[in-house]
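The structure appears right after this line, and notes come after that.
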There are 2 protein chains.
Amino acid sequence: MQRLITHISKFVELTEEDKEAILSIMQYQQVKKKEHLLRQDAVCNANYFILKGCFRRYYIDEKGNEQTIQFAIDNWWITDYDSLERRAPSEYFIQAVESSEIAVLDKRVQEDLFQRVPVMERYFRLVLQRAYAASVQRIRYIYDFSGEERYNHFSDLFPEFLQRIPQYMLASYLGFTPEFLSKIRAKKI
Amino acid sequence: MQRLITHISKFVELTEEDKEAILSIMQYQQVKKKEHLLRQDAVCNANYFILKGCFRRYYIDEKGNEQTIQFAIDNWWITDYDSLERRAPSEYFIQAVESSEIAVLDKRVQEDLFQRVPVMERYFRLVLQRAYAASVQRIRYIYDFSGEERYNHFSDLFPEFLQRIPQYMLASYLGFTPEFLSKIRAKKI
DNA sequence: TTCTTTTCTTGAACTTGATTAACTTTTTCC
DNA sequence: GGAAAAAGTTAATCAAGTTCAAGAAAAGAA
């Protein structure tokens, strides 16, 4: 859980009491590969901080294909903010891509946390600013670059990550079919 | 400026002193059509709330085309959070699509605002949650639907808005060429 | 109003990536 | 260790959308 405190401290200043409050309110949890934290049609009940491992958020499209809309690794938060905040059924699944360790901020104690450690409002504001900017940046990549260019860019940025995730997940994340990813890879060799 | 107070009050509770503090810190401004609030390579100095009117954020791609990445109308904020927060040169232009009225939150007084009205941290956290969710939703639209389907969806959702913006801006926002948009429209008639 | 600039349209040739289906390889599980 | 399931490959055909170029229409400015 120390990783969580370290991460928060990069954005805001925490007193010793703040740290204790955070640790007492958030829950440590181990998650096995392929286990789900959220399923479609369920209401999302928590925000999850990844201490170690990898998760993805995906949905099932009209044709029945799994579409990965987000990957999250160490030191990222993953949730469905829309479902979490509006208490509405989610359209997404959140699943462990590999066995992982997480810190859980349950919706029921979220307000307690903000009351006891008000600086956490600021922390989440800053985290969301980054997430929003990253999401807009991703739209830019989709518009500016071809599928092959996006794949090259991704594999340059996260070479080790390529080994960890199945290709069909990466293909849907990058916005094309697994068959097309196969073709791209065949060209390289 | 009352529109701003009304909007904030939808998310958090404001005292009379809070309202006065907000109104004293933020600046009312009129902006003429085509005027810029931010240009590429400049550092973004403010967050802008649109009281009335329409703005867009765009960039120039490698081929020299303007790519509109965001539209913002009444009651939306527009800025480049990445440039604003990191004090780095922006890659974006922010321009009035039509003559507009805005409330400006200058970076230099942003911290004063958060100190005098701490509940504004929470307000921006909630605004960013929505913006982030909307941005992810948009990636979904790009992946799930064809250009024609995205155009139909947009014109169903914002029929009056279609009249207000040039087609080439909408085409780049939806992720295709103006020529292709022409063809879609030709089919309808 | 008239001229100029900006925006929109049309069509032909071309490119990227999807689809389908059969097959191979790798992983998982008993 | 072997069977079954999951993941990845290959190739032919097809559709969505781009590019280029030339002209028409609309909007702005003088």
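Reminder, nothing fancy here: chain letters follow the sequence lines and each chain counts from 1. Since the model is a prediction, treat every value here as computed from it, not as a measurement.
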Smallest separation among heavy atoms of [X] and [Y], with atom names:
X	Y	value
B:Arg39	B:His36	NH2-ND1, 3.4 Å
A:Thr79	A:Cys44	OG1-SG, 3.2 Å
B:Tyr132	A:Leu128	CD2-CD2, 4.2 Å

Inset, instruction - Validate the cation-pi geometry between B:Arg56 and B:Tyr58: distance from NZ or CZ to the six-membered ring centre under 6.0 Å, angle to the ring axis within 45°. - result: yes
Legend entry - Axial cation check for A:Tyr173 ring with A:Arg138, 6.0 Å and 45° limits: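 Relative to the ring axis of A:Tyr173, which defines the angle, A:Arg138 lies inside both limits.
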Inset, instruction - Assess the pair A:Phe71 and A:Trp76: is the distance between their ring centroids shorter than 6.0 Å? - result: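 No - the distance between ring centres of A:Phe71 and A:Trp76 does not fall below the 6.0 Å cut-off.
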Inset, instruction - Would you indicate whether the side-chain heavy atoms of B:Gln67 and B:Ile60 approach each other to under 4.5 Å? - result: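 They are not in contact (no side-chain heavy atoms under 4.5 Å apart), so the answer is no.
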Inset, instruction - With the side chain counted from C-beta on, respond yes when A:Ile142 and B:Tyr143 share a heavy-atom pair under 4.5 Å apart, and no when they do not. - result: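 Yes; the side chains approach each other to less than 4.5 Å.
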Give the rounded distance in Å between these two atoms: [atom1] of [X] and [atom2] of [N].
X	N	atom1	atom2	answer
A:Leu181	C:dG17	CG	P	12 Å
B:Ile184	C:dG11	CD1	C1'	16 Å
B:Lys187	C:dT10	NZ	P	14 Å
B:Glu66	C:dC8	CD	P	12 Å
B:Phe180	C:dA12	CZ	P	17 Å
A:Lys63	C:dG17	NZ	C1'	12 Å
A:Arg185	D:dT9	CZ	C1'	10 Å

Inset, instruction - Say whether A:Tyr59 and A:Asn65, considering side chains only, have a donor N or O and an acceptor N or O under 3.5 Å apart. - result: no
Legend entry - DNA chain D contacts made by residues 137-153 of chain B, counting heavy atoms under 4.0 Å: B:Ser146, B:Gly147
Inset, instruction - Tell me which residues in residues 163-173 of chain A put a heavy atom below 4.0 Å from DNA chain D, sorted by number, or none. - result: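 Of all residues in residues 163-173 of chain A, the ones placing a heavy atom under 4.0 Å from DNA chain D are A:Pro166, A:Gln167, A:Tyr168.
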Legend entry - Note: A:Arg122-B:Glu111 ion pair, threshold 4.0 Å (strictly below):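 Here A:Arg122 pairs with B:Glu111 in a salt bridge, since their nearest N and O are under 4.0 Å apart.
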Inset, instruction - Inspect the contact between B:Glu148 and B:Lys187 and indicate whether a charged nitrogen and a carboxylate oxygen are less than 4.0 angstrom apart. - result: yes
Report, one line per pair, each donor and acceptor closer than 3.5 Å where one atom sits in a side chain of residues 156-166 of chain B; sequence neighbours left out.
from	atom 1	to	atom 2	distance (Å)
B:Arg164	NE	B:Glu98	OE1	3.1
B:Arg164	NE	B:Glu98	OE2	3.4
B:Arg164	NH2	B:Glu98	OE2	2.8

Inset, instruction - Tell me whether the OP1 or OP2 atom of D:dG28 has a side-chain N or O from B:Lys34 closer than 4.0 Å. - result: no
Inset, instruction - Determine: side-chain N/O of B:Thr177 to OP1/OP2 of D:dT18, distance under 4.0 Å, yes or no. - result: yes
Inset, instruction - Scan B:Tyr48, B:Phe55, B:Phe124 and name whichever one has a ring-ring contact (aromatic ring centres under 6.0 Å, His included) with B:Trp77. - result: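 Output: one option passes, namely B:Phe124.
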Inset, instruction - Estimate the overall bend of the helix from C:dT1-D:dA30 to C:dC30-D:dG1 from the end axes over five pairs each, rounded to 10 degrees. - result: 60°
Inset, instruction - Could you check which of C:dT10, D:dG17, D:dT9 has an atom nearest any side-chain atom of B:Phe176? - result: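 Given the options C:dT10, D:dG17, D:dT9, the side chain of B:Phe176 is closest to D:dG17.
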Legend entry - Qualifying residues under side-chain hydrogen bond (donor to acceptor under 3.5 Å, both in side chains), relative to A:Gln110, sequence neighbours excluded: none
Legend entry - Where protein sits on nucleotides 20-26 of chain D, one letter per nucleotide: B base, S sugar-phosphate only, - none, heavy atoms under 4.0 Å: B------
